[in-house]
Every structure is written in C-alpha cells, then in structure tokens.
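In what follows, a structure is listed as structure tokens, so that the remarks can point back to it.
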Amino acid sequence: MASVSAPSQAAPSPAASLQRGIVKMVLSGCAIIVRGQPRGGPPPERQINLSNIRAGAMARRAAQGQPDSKDTPDEPWAFQAREFLRKKLIGKEVCFTVEIKTALGREYGMVYLGRDTTGENLADTLVTEGLATVRREGIRGNNPDQARLCDVEDQAKASKKGLWSEGGGAHTIRDLKYTIENPRNFVDSLHQKPINAIIEHVRDGSVVRALLLPDHYLVTVMLSGVKCPTFKREADGTEYPEQFAAEAKFFTESRLLQRDVQIILESCPNQIILGTILHPNGNITELLLKEGFARCVDWSMAVYTQGAEKLRAAERSAKERKIRIWKDYVAPTANLDLKDRQFVAKVMQVVNADAVVGKLNSGELKTIHLSSIRPPRIEGEEKNKDKDKRFRPLYDIPYMFEAREFLRKKLIGKKVNVTVDYIRAATGPGESTPAFSERTCATVTIGGMAIKNGKGLHSKKEVPIHRVADISGETQKAKQFLPFLQRAGRSEAVVEYVFSGSRLKLYMPKETCLITFLLAGIECPRSSRNLPGGTQVAEPFSDEAMMFTKELVLQREVEVEVESMDKAGNFIGWLHIEGVNLSVALVESALSKVHFTAERSAYYKTLVSAEDACRLRKEKIWANYEEKPVEEVVHVKEAKERVANYKPVYVTEICDTLHFYTQDVETGAQLENLMETMRAEIAAQPPVEGAYAPRRGDICIATFADGEWYRARVEKVESPARVHVFYIDYGNREVVPSTRLAAMPPAFGIRTLPAQATEHAFAYIQVPQDEDARADVVDCIVRDIQNSQCLMNVEYSGATCPHVTIQFGDTKDDAGLGLVKEGLVMVEVRKEKHLQKMVTEYLNSQESAKSARLNIWRYGDFRADDADEFGYRR
C-alpha cells in the first residue's frame, strides 16, 4: 500500500505538535499504523503516511466477487522497503508530527524512531537506502526538509542503491501465492518441521494470515488445540464481536503481527490448516489459554505437537483464577462428591480406543472416557467406500485395532486411579452426527503414569490393514475350519465379547478370524434374547453367570480346545485362562450344571465333583434343589411291529430334492382365519413401500404373485432388489425386491400361530442322482399329491426332517411304493427290526420293476457295474 501525494486543497495542520505511539503494522515503505497504550481494552490506532516520499506499492489480491479484477503484483523494491521498515519499527515507540491532513482524513507527517525528533528520520533513511523516491512536484524553496531529501536522493542515485541500481529491480518482485491446490498434501510434505514465516494479519485471537518463507505462500492458519472468541458477521456485512473477541485479537496482534516467527503446520482437516506458532518469547497458544482468552478444543488438540497436557494445564490455571472468558466458570465436577471425582476402578473392558469400562468397589460398572482425545476415525472420501460392506470399526478404521490393543494389554484386569476432569452433557442427534449420552471424561493413571495412545496414527508409514474373517454363523466356512482347530489342540485367542455365561465371541490371532465359541460340558442359565417371535425371558442367575464370565475372561488372552461344532456354525470346546477351566469355574461357582455330553471328556470327574459340592450346599442355581427318589428302571422292549398312525395333511409344496411340505388339516381353519384377518388389517393400514429393511432370519410379510400378503422368513439378502424369502405356511421360496416386504404385524406372528408348513421326506426311498431321472420323479409326484389332501405316517427320523409314508386320500395307496413299482426310484434299506416288513414290501416291488425293465431299470441293474456314467452309485 503506497502513499499518494496530498491533494492541492489540503492544508498544513495549524499546529504540528509532536505525538508518540507504538508501531503496530507497516503497510508499505511509506505508510505505518501507530497505536496508543491499552487502557481497559484495545487502544486507538491511526495510519501515518511519510511526507514528501513515495515507496513502491505492495501486491494486492484481486477483489473477491469481481471477475474482471486481477491480482496486482509488487512494484520493484516495494517488499524490500516494507521489510526495511518492518524490521526497524514493529513494536517500537516512535514520535511523529502531522503536517497535512486531507479532506478524506489521510494524515502525512514526519516520523522519528524514539521519543523525540533527535531520533532517526525514517524518510531520510529510506531515501538514503534507495528504497523510496522524493516527491519533487510542488517543491517549495523555503522547505529545508524537501531540499535535504532531494540532496539525499541524488547521493543514492550516484551510489546506485536500491531503486537506482542497474537491472530495473525485476528480481525484487515476489511470486506471491494466494492459494494452494492441495493443502493436505502441502502440509504433509513439510513433515511437521518448523518453517519461517511473517504474520501478515490477525483475524481473531486464534486465526492468522501468514506469509511462508522463502516461497511466499500466503496461508490462513488456525492454532491447533484452541479457539478464541470470534467476530460474527451478519448478512449485511456488519461484524459483532463475541465477548473478549477484541481483547483476544489485540493480545495476539501485539505479540505476533508482522513478527518473524516459525510455524509448525500440523494437519489439514476439511481444507483448514492447523498449526502452532513458535516465537522466541513463548508459545502464543499456551499464553492465550493461560490468560483466559481461549478454550481447549478436543477435535484439533489431537494434532498438537507440543504436548496437549500443557494446554490443559494452562486452561486449568485460567479457570481456577476465573479470568476473562472463565469469569463465570463453575467446575463441572464442583457438584460431585470427592468419592465421585477421584476413585479406583478395575478395568473390565476397553471400548474402542477412548473409553474403558471399570468396576467400582461397590460392584457398579462405569464407562470412563479418556479426556482430550478421540479414537481414530475415517475421514474424507474413505467414509463413502464400501457402503454395502458390513462395516466393523475395530478392524476397518486404520489404527483403531492397534489403539485398542495398546490399552487392552496395559489395562485389562488391573486397578487404575480415575480423576474426573469434566462431564460432557448429553447431545441430541444432528444432521450428520448421532446422539450421545452423558459422558464422564477423566484422566486414568496406572502406577502414576497417565494413559495415552501411541504415535502410530500420526505415522507416515503405510496404514495397516486387518483382514479378519468373521465366520460366526457361517456353517460352511465353520465346517472347513473345524479340522484345523481340532488338530491344533490348544489355540490362542482373545475374548472379544461375552453373550452369556457360556457363549462368547473369540478373536483367533494366528488364524485372523472371529468365531462364536460355546463352552463344552455345561448347561448355563440362558440370558434374555430377542427372537423373531418376541423376547426370550432370562433364566435365574443368567446375569450373574454372564458377569462372572466377563470378569474372568473378557478381552483376556486365553487358550481354547475345539472339540466339535453345532448346526449353526458355532464351535464347542473348552476354554482355559491362566490354568483355570472356565466350564469348571462356572460349575464350582454354582452358576452352571453339568451337561451329559461331558461324560466323554477328560474333565468329567472334576465337573461332577464340583456340581455335587454345590448341590449339597444348595447354592445359587441349586437353592431349590430337592433330591428325587430313585425310581425303579423298567426296561422297555423294542417294538416288534411297526405302528401306523396316519393323519390327514395337505401337501403344499414339493422340492426338487423330493422333500415336500405339508399343512396339518386340523389347523387349516385357524390359518385361513388368521390370513383373512391379517389381510383386512393390512388393507386398512397399508405399510409404507420400501420402509422395511429386511435382515436374514426376520419373520415378515410378503406379497406373492397373486397379489396377496403371506407370512414369510428372510433367508438371504443379496441386495434391496433381491431378497430370498421362505413362505412359512406353505413351504415355497421366492426371490423378491424389498419393496414387496413389510414388517410382521405383532398380532399375526408365529407366537399367535406357529409356522404351518412342515418339511418331510419319503421313507424307504433313494432319490436318483441323475437330473433327468430326478425330474421325472418330481413331475410324477407333483401330479399325484401336490395341493391335495393325503394321509401321512412318520416312519423314522432323518438328519434334517422326518421320513414319512404318504397314502392317497381316496384309494389309500402308498405314493412312495408306487414310485418304486414304476421303477422311478430305488429302495433305501433300513435295518430296524420293526420296519423290516415295510422294507421287504418295497424291495419286492423294486425287483418287479427291475424284471420289467421300467424307467431307471431299462438297462438292467446298473448298480452291479458301479456305473458312474448313469449317475448312480451303489
């Protein structure tokens, strides 16, 4: 910013009295801003332009919102002239006389360094150094100051100084950069090393505009870890300062404005550059806090490189003295009793990386959040990746697992000292933020050392990736994995979650997978569970058993022996921690009973002995136990004859595997009434299309091709457009869009009327493996019995469903036997004595079909050659 010559109508001041002030800012080589002494607030200031000289104009950025305006570069030697004055004057006392004051209020005068006119004349010095030119227009011969300046300028020209040097001064023009294309990459490239800078502008106490040297980047920097009161801008452009905003701005200006500093650029979230300004006289961030001009902010304190505990201590000092923004401060823990402010707790669980669950001496569990830190989180574009993927914060957020493990290994199971720092009030949900309940934020110490997180999050190394397979409930994956765990013997694991006293989720570090683990050999009280038909009520002592297991093994390193798995893909076995068998410990504590499956294990005697001792003491689950009288064992002879108990059923669906679904005729009327009532209610209050989000296992309602609503179970969700459902009252399956599904009205769930479709398979029959032959069988049986009433008798149990014989409702002929007689299927030979009569009848029919060369027997008995090419094996 350069001075312009005084207008011709401007008149000299009537009395050029000597005035004093402190130089706040140097605008250019011939203009400065002088301030007074502060008295109860920011002092007054005025701009003084040096009389009779002119320095080059500084660069100016194009006006915002005016597309035709352009950036104006420095004039030659303008920046050097400004710097010459800045280094000489900033923060120094000067005296000055105002010679001319224009109609617009601009003041021109002589400025001297020091308290009187014996000090250095700044205009003379600038002209002598060749950094300014003399205004020769309108020179008055009787003005000795002007004459002297002309002589000094002639000497500078002769000496070829500054403006008068050869080359025109093009090398003195800065390449000023107002914007940075990628601020985050720019900040990362500096590696948090101090960089030289000049503070060009102070927006408020904690936000400045800095010129980074030597590349002349002009950047806005927000101080890391703190926030000062700001100036609110209204729609009409008017600014209203918050309380103490002006004072905080002056505090920063008086110490940093146009000073040489070093800045550590620490982070750049959301295009905001965070940094710390270092000055030889101190750290402005800590000073602002100590003097009550700023408060700590957690979101940016995490990147502060000079020690966050120093900031907290400085803020605490201001709070205790109740100065400035803290004048009305009341400590959040002031209303807490001493026992609630400082206490000892045993760490039971580490939640993510910023909170722990501690057990107090009273037995109460309390969640404690670590003060002034936040756990790792996904920022920017990463948030939008893999939206359809099952998101697991512990493994999918970079460094979350490492942070959790750091705390787990250091704290779990140990007693810590807790000092409550503040209580964060509960917050409601915002546009993009969830609701949070009230949080107790505290400093947690163990052995006198405060717990902090490691430095990995701020490392420039490649982010670690945790590919953890969750095979809980994945039956096929569990089957493949079972042999490896059985052969491994004792395997290391970490207990991630406790569902109940005997049901846990384990992380297997060597195998990098998650499994659901059931304790073998015991029967633990069941906890309450949400089931499709409602909530399962908790059994007595289930909560005590779960708490016992949590306290003993949660997030501890354990050893497991896997013996088997159940049909849901859960592994069953024994869990050991520091030599203690958890199954035995639960039985010894009278929180579990011995299961009969323990008889074949090596721990059976120990389990029975512990159970007998608890039963005698009548503790907990044995409190109401009464010895039952020994009853005489009556040996029931095996039935010699097959018992036929045919009941009427309605065949609703036949599968390609020759399994079929039936409805009980006796409950048919109940189903029809329920369907009719349910559809009437849905018609009166139709569900909102697309409002229901299906999940595997849900019991819901679905519209079939006929447009009617039926009860269904969700078997698989590929996408919103492809949801696999099973109609629980009819046995058929369908793939439908989620828009054809809705939540089950509570009055019509399976608790009101159980699912009516029951799966069965034909007894005494082997289904052909050849696809064409099997299709012929299915077609035949569909024609014969589907959607018709038949008689059914259960013959024996199968792996997945009962095996039955079916008789036609009118002729009472055996449908399965008819298939054998037609040569469409083979006979499955059963060895039970009471079934031999039926097996013989079926085998005789099969021999007749073979003799007649019917269907699958048209080429003779293919089984004799073990002919795989026919699709059959013996």
Side-chain angles (χ1 to χ4, degrees), residues 1-21 23 26-34 46-58 74-90 92-102 106-173:
M1 180 175 187
S3 299
V4 296
S5 58
S8 57
Q9 68 268 27
S13 296
S17 61
L18 190 65
Q19 302 177 62
R20 296 184 181 85
V23 178
V26 177
L27 300 175
S28 69
C30 56
I32 63 175
I33 292 179
V34 179
R46 60 199 292 192
Q47 178 178 330
I48 304 297
N49 302 282
L50 300 182
S51 296
N52 303 319
I53 68 168
R54 182 189 183 281
M58 297 282 286
D74 289 329
E75 290 185 2
W77 294 97
F79 180 66
Q80 286 69 23
R82 201 289 299 263
E83 286 295 277
F84 180 82
L85 281 189
R86 182 185 69 81
K87 294 177 181 179
K88 188 180 287 290
L89 297 181
I90 285 296
K92 303 283 182 63
E93 186 176 21
V94 296
C95 62
F96 59 92
T97 59
V98 177
E99 298 176 344
I100 298 174
K101 187 171 183 178
T102 69
R106 179 166 291 193
E107 298 177 314
Y108 293 83
M110 303 296 289
V111 181
Y112 303 89
L113 184 59
R115 295 185 58 83
D116 53 45
T117 56
T118 61
E120 181 180 346
N121 185 317
L122 297 179
D124 287 0
T125 304
L126 285 165
V127 175
T128 300
E129 296 297 328
L131 297 174
T133 59
V134 179
R135 297 183 182 278
R136 293 176 181 262
E137 60 273 15
I139 290 180
R140 296 187 295 275
N142 60 350
N143 190 325
D145 292 334
Q146 289 180 327
R148 186 182 69 257
L149 285 172
C150 290
D151 292 340
V152 172
E153 184 181 47
D154 292 338
Q155 293 174 15
K157 287 181 181 178
S159 302
K160 295 184 179 181
K161 287 186 176 181
L163 288 161
W164 315 116
S165 62
E166 297 178 353
H171 65 285
T172 65
I173 299 174

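Counting from 1, the numbers follow the sequence of the chain as shown. Worth saying up front: this structure is predicted, and the values here are computed from it rather than measured. As a basis for the values below, the full set of heavy atoms in this structure was taken, side chains included, without hydrogen atoms, waters or symmetry mates.
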Glu153 vs Thr133, side-chain contact (heavy atoms from CB on, under 4.5 Å): CA-CA, chis, key distance, verdict = CA-CA 7 Å; Glu153 184 181 47; Thr133 59; 3.6 Å; yes
Listed partners of Asp151 passing side chain to side chain donor-acceptor pair (under 3.5 Å), at least two apart | none
Reported CD-to-CZ distance for the pair Glu93 and Arg115, which is rounded to 0.5 angstrom = 4.5 Å
Atom pair CG/CG of Leu113 and Leu122 - distance to nearest 0.5 Å = 6.5 Å
Non-hydrogen atoms of Val26 and Ile90 that approach each other most closely | N-CD1, 4.0 Å
All side-chain contact (heavy atoms from CB on, under 4.5 Å) counterparts of Gln19, not counting sequence neighbours = Ser17, Arg46, Phe96, Val98
Roughly how far, to the nearest 0.5 Å, is the OG1 atom of Thr102 from the CG atom of Asn49?
-> 9.0 Å
Nearest heavy-atom contact between Gly56 and Glu75 is CA-OE1, 3.3 Å
Closest contact, heavy atoms only, Ala78 versus Ala57 | CB-O, 3.4 Å
By side chain to side chain donor-acceptor pair (under 3.5 Å) - contacts of Gln155 (at least two apart) = none
Counterpart residues, side-chain contact (heavy atoms from CB on, under 4.5 Å), relative to Glu83 (two or more places apart) | Phe79, Arg86, Lys87, Ile198
Spacing of OG1 belonging to Thr97 relative to CD belonging to Glu99, to within rounding of 0.5 Å = 5.0 Å
Applying side-chain contact (heavy atoms from CB on, under 4.5 Å), name anything that partners Thr172, two or more places apart in sequence or on another chain.
-> Pro76, Trp77, Gln80
Mind checking salt bridge (Lys or Arg N to Asp or Glu O under 4.0 Å) for Glu129 and listing every partner two or more places apart, or none if nothing turns up?
-> none
Distance col, row Asn52:CG vs Arg135:CZ, nearest 0.5 angstrom, shows 8.5 Å
Partners of Asn121 by side-chain contact (heavy atoms from CB on, under 4.5 Å), sequence neighbours excluded?
-> Met110, Tyr112, Ala123, Asp124, Arg148
For residues 162-170, run the donor-acceptor check on the side chains, cut-off 3.5 Å, and write out each pair with its distance to 0.1 Å, sequence neighbours left out.
from   : atom 1 : to     : atom 2 : distance (Å)
Ser165 : OG     : Gly162 : O      : 2.7
Glu166 : OE2    : Lys160 : NZ     : 3.0

If every non-hydrogen atom of Leu85 is compared with every non-hydrogen atom of Gly29, which pair is closest and at what distance?
-> CD1-O, 3.3 Å
Rounding to 0.5 Å, atoms OG1 (Thr128) and CG (Leu149) come to a distance of 8.5 Å
Considering all heavy atoms, the nearest Ile48-Glu107 contact = CD1-OE1, 3.6 Å
Residues in salt bridge (Lys or Arg N to Asp or Glu O under 4.0 Å) contact with Lys88, at least two apart in sequence or another chain | Glu120
